[in-house]
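A short write-up of the structure that comes next.
These values consider heavy atoms only, across backbone and side chains, with no hydrogens, waters or symmetry-generated copies.
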Amino acid sequence: MNVVESSAQQQLDDAQALIERLQHPSERAQRAAASLRRAELLNDLGRRAEALAACSRLIEEFGGMPEPAVVVPCCQALRLLAHMLRQLHRPADALATLDRLVAAHGQRGEPEIREHIAHALYQRTWLIDEPAARCEACDFMSEQLDAQADAAFDAWRVDARLLKAEIDHHRGLPQDAIATLDAAIERFDGSTDPAVVLRVARARLASVLNLRELAQHTQAQVLCLQVADQIEAGLADAAPELRLEGVRALTLFFDGLGLEEQARRAELVGWLLERYGRDASSQVRRMAVVRAYDWAVGLRDQGDGEAALAACDRLLATFARDTDAVVQRTVASTLLNKGHVLLEQLARADDALGVYEKLMHTLRDAAAPELQDMRAKATAGRQSCLKRLRKAGPADAGELSIELRDEVRDKVKEGRRHGDAGESLEAIALFDEVLAAHAASLHPELRRQCARSLVHKAFCLVALSRFDEVIEAADAMDARYGADAATEMQEQVALCLQYKSTALDRLGRPEDEMRVHDQIVARWGNSDLPDLRGRVAGALFRKGATLRQAGRLAEAVASYDEVIARTAVARESVLQLWAAKSMINKAKALDKMGDTAGQAKAYRVLIARFGDSGDAALRERVANACEWLAEAEGRQGRVEAQRATLEQALGRFGTALSAEQRTRLTRELQALKAKALGRKAKEAFDRVVRRKA
């Protein structure tokens, strides 16, 4: 017995001795409290059967007594009993226990008893699986609490309505959810109770999600600002939980802005950092720094290096001295991002070198694998800077005028805009102008713009189905820039080879296509850079798809397994998405091979790994995997597992499901439940027949 168990056992002995001493009727309140303490200690020690018996004895002995000092421990015992029954997978008995508590004491007016009633009413909603019945339980909770006008329980009243709205949201009924939320906001908006103010803010932000599902984006944006403004007005006195909702409001507003509203996005991130960047709550600062980091990365990916650099500097100025470990990891990621922008997008190798060396120094003693990985990437970035600086000779310095540089950059950007708009011929004409004028240049910036022109030209040629020309462009790209050690050049070459594999696929040349995939893996398979790792994962995935189409299923599974292994610890969403896609295709290949158990295992691995992801694309694939896993479990005759999987899909991923898919899964689940009830009825009938016989 360890020290903790020994202490608990001593407390248990003391409680038992106290119960035996307290025998006089005037001491029954103390005796009830001691009996409750004994039941709690038994439960803490894992002696579940004894704890259940202790609760039952307490309720039997004191359950009919009216004194509040005795009723309170009885309420606590009933709630503890329900909690233990739920842990024993007896939800029906747990629900009956809570109903017993509400029926026995639901009309009492004492605040200390009403508090337990509120807890029990909320607790019972989580014991009900069927969404409509859970909504009814929320309504019942509201009715019970509304029966007595005690403002102290307003927070519970709002919780009941928030939960009902959440259920309706997951059921695909956003209009009903909004009606519930609007009623709660209207009723409780004037409260000064901090707990109620917090829940009203959450109700407004829940309305934002439902309004967006109804395509009412303007109203959603107005609500976001309304929450942010109200919290801002009393920010100095707001609780950390409320300030967290302020960050959520600004984040939701940011997500609702169009891509063309860059100035408003920048202003919003600045507002977020100004108000919450030095908040006393580490959780608030974490949310703020992640949004600011995502903004900087988004600007980098759009090719706006100057704006990305400014966003990185703003984040670092706010959080550089933050002592929270999670914030510091994001600061390290920002330094890595800043180095990439300076080196690859702004061609400022000397400045990038300083950033990488600073990050290496900061992480010199880092023990966490994630930070060690960042240090390795910073080291690789430093090497790229040194190579770039060694290559740059006197002839390169100052030979490119600012006017020519801007002219070439603008022409490439204009070509990209045409390509993104589907105007492929206009885009190709601009890219060809750049290539004709500067393809022979040795200047690093002009080489970089020519490489970008070639890769974007290949993309436009794919869109025009001019696949032979795609192959020519990719081969030219590799010949001119394949030996360039610069990170951006390697990423562009890899992307162009990916377009080449697409062209070979469309031309019906699978063997040549797979050779390109193998080439990508061989050249960049050991890279630490996320973009190149993504190209490698994509190449292996596409190779697996080609093998699967050719009926070479075992080889396809091996290719998918390699993707899964290479992305096992990846945090980047693009790599995680390749892993999820590979798990799904692997499961489908195993299904064709007749390995139903292996198929089900592949889906379970996917759900376990990505079930808690907040990424919409990953959640969609997890939701689909739940449906397909249910089918696989059903084919194996594992009905209970099939039912549990369907419940998980509907309960956890309702908003990620299409209306058609949600309806289909609901019907399948209802059919399984009906069959289960039919089987139970038949078993009961058979028992009766046997007894009569």
Side-chain angles (χ1 to χ4, degrees), residues 201-202 205 208-209 224 227-228 231-232 235 238 240-257 259 261-262 264-302 304 307-341 355 359 362-363 366 368-371 373-374 377-378 530 569-577 610 612-619:
R202 288 174 178 168
L205 295 183
V208 169
L209 300 177
C224 288
V227 173
I231 295 172
E232 168 67 14
L235 191 63
E241 295 83 359
L242 187 59
R243 300 199 300 274
L244 207 59
E245 297 306 315
V247 178
R248 283 189 61 222
L250 293 177
T251 299
L252 285 170
F253 185 81
F254 181 98
D255 293 339
L257 292 172
L259 292 176
E261 298 181 89
Q262 297 289 53
R264 294 195 72 189
R265 286 177 166 229
E267 181 184 2
L268 190 66
V269 172
W271 185 14
L272 181 68
L273 293 181
E274 180 183 338
R275 283 152 179 76
Y276 300 104
R278 293 181 175 84
D279 195 275
S281 166
S282 60
Q283 193 173 3
V284 171
R285 298 198 308 279
R286 289 173 186 177
M287 285 189 68
V289 75
V290 166
R291 171 52 64 188
Y293 175 75
D294 289 344
W295 167 239
V297 171
L299 291 169
R300 181 202 70 188
D301 292 344
Q302 293 166 25
D304 194 343
L309 180 62
C312 289
D313 286 339
R314 179 70 183 270
L315 186 156
L316 294 170
T318 305
F319 296 103
R321 293 181 176 82
D322 200 298
T323 57
D324 181 75
V326 176
V327 174
Q328 279 302 304
R329 281 201 296 272
T330 308
V331 167
S333 297
T334 303
L335 284 168
L336 206 59
N337 185 40
K338 180 180 178 180
H340 177 86
V341 169
V355 172
L359 183 56
T362 302
L363 301 178
E370 182 183 359
L371 296 179
D373 181 54
M374 286 188 197
K377 290 176 181 177
V569 295
R571 293 180 67 248
E572 298 86 355
S573 58
V574 65
L575 295 177
Q576 292 181 337
L577 190 56
F610 301 116
D612 295 326
S613 173
D615 184 87
L618 281 173
R619 285 179 63 81

Any chance you could measure [X], atom [atom1], to [Y], atom [atom2], to the nearest 0.5 Å?
| X | Y | atom1 | atom2 | answer |
| --- | --- | --- | --- | --- |
| Leu359 | Lys377 | CG | NZ | 11.0 Å |
| Asp279 | Arg243 | CG | CZ | 4.0 Å |
| Leu250 | Leu273 | CG | CG | 10.5 Å |
| Met287 | Ser281 | CE | OG | 10.5 Å |
| Arg286 | Leu244 | CZ | CG | 10.5 Å |
| Thr330 | Leu316 | OG1 | CG | 11.0 Å |

Looking only at heavy atoms, what is the nearest atom pair of [X] and [Y], with distance?
| X | Y | value |
| --- | --- | --- |
| Ala288 | Val247 | N-CG1, 4.1 Å |
| Val327 | Asp324 | N-OD2, 3.1 Å |
| Cys312 | Asn337 | SG-ND2, 3.5 Å |
| Gly339 | Val355 | N-CG1, 3.9 Å |
| Tyr293 | Leu315 | N-CD1, 3.5 Å |
| Ile231 | Tyr276 | CG2-OH, 3.8 Å |

(Q) Closer than 3.5 angstrom, by distance alone: can the side chain of Gln328 be matched with the main-chain N or O of Asp322 as a donor-acceptor pair? (A)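 Answer holds: yes.
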Q: May I ask you to decide if Gly270's main-chain N or O and Arg314's side chain share a donor-acceptor pair within less than 3.5 Å?
A: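 Such a contact is found between Arg314 side chain and Gly270 backbone.
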Non-hydrogen side-chain atoms of [X] and [Y] separated by less than 4.5 Å:
| X | Y | answer |
| --- | --- | --- |
| Leu299 | Leu309 | no |
| Val326 | Gln283 | no |
| Phe253 | Leu268 | yes |

Q. For Leu363, which of Leu336, Leu371, Asp373 qualifies under side-chain contact (heavy atoms from CB on, under 4.5 Å)?
A.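 Only match with Leu363 under side-chain contact (heavy atoms from CB on, under 4.5 Å): Leu371.
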Q. With a cut-off of 6.0 Å (strictly less than), are more than 12 heavy atoms of other residues, nucleotides or ligands near CD of Glu267?
A.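 For Glu267, atom CD is not crowded (no more than 12 foreign heavy atoms under 6.0 Å).
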Q) Should the pair Asp255-Arg291 be classified as a salt bridge under the 4.0 Å nitrogen-to-oxygen rule? A)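 Arg291 and Asp255: salt-bridged.
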**Q.** Verdict with supporting geometry, Glu245 and Arg248, salt bridge (charged side-chain N to carboxylate O under 4.0 Å, His left out)
**A.** CA-CA 5 Å; Glu245 297 306 315; Arg248 283 189 61 222; 2.7 Å; yes
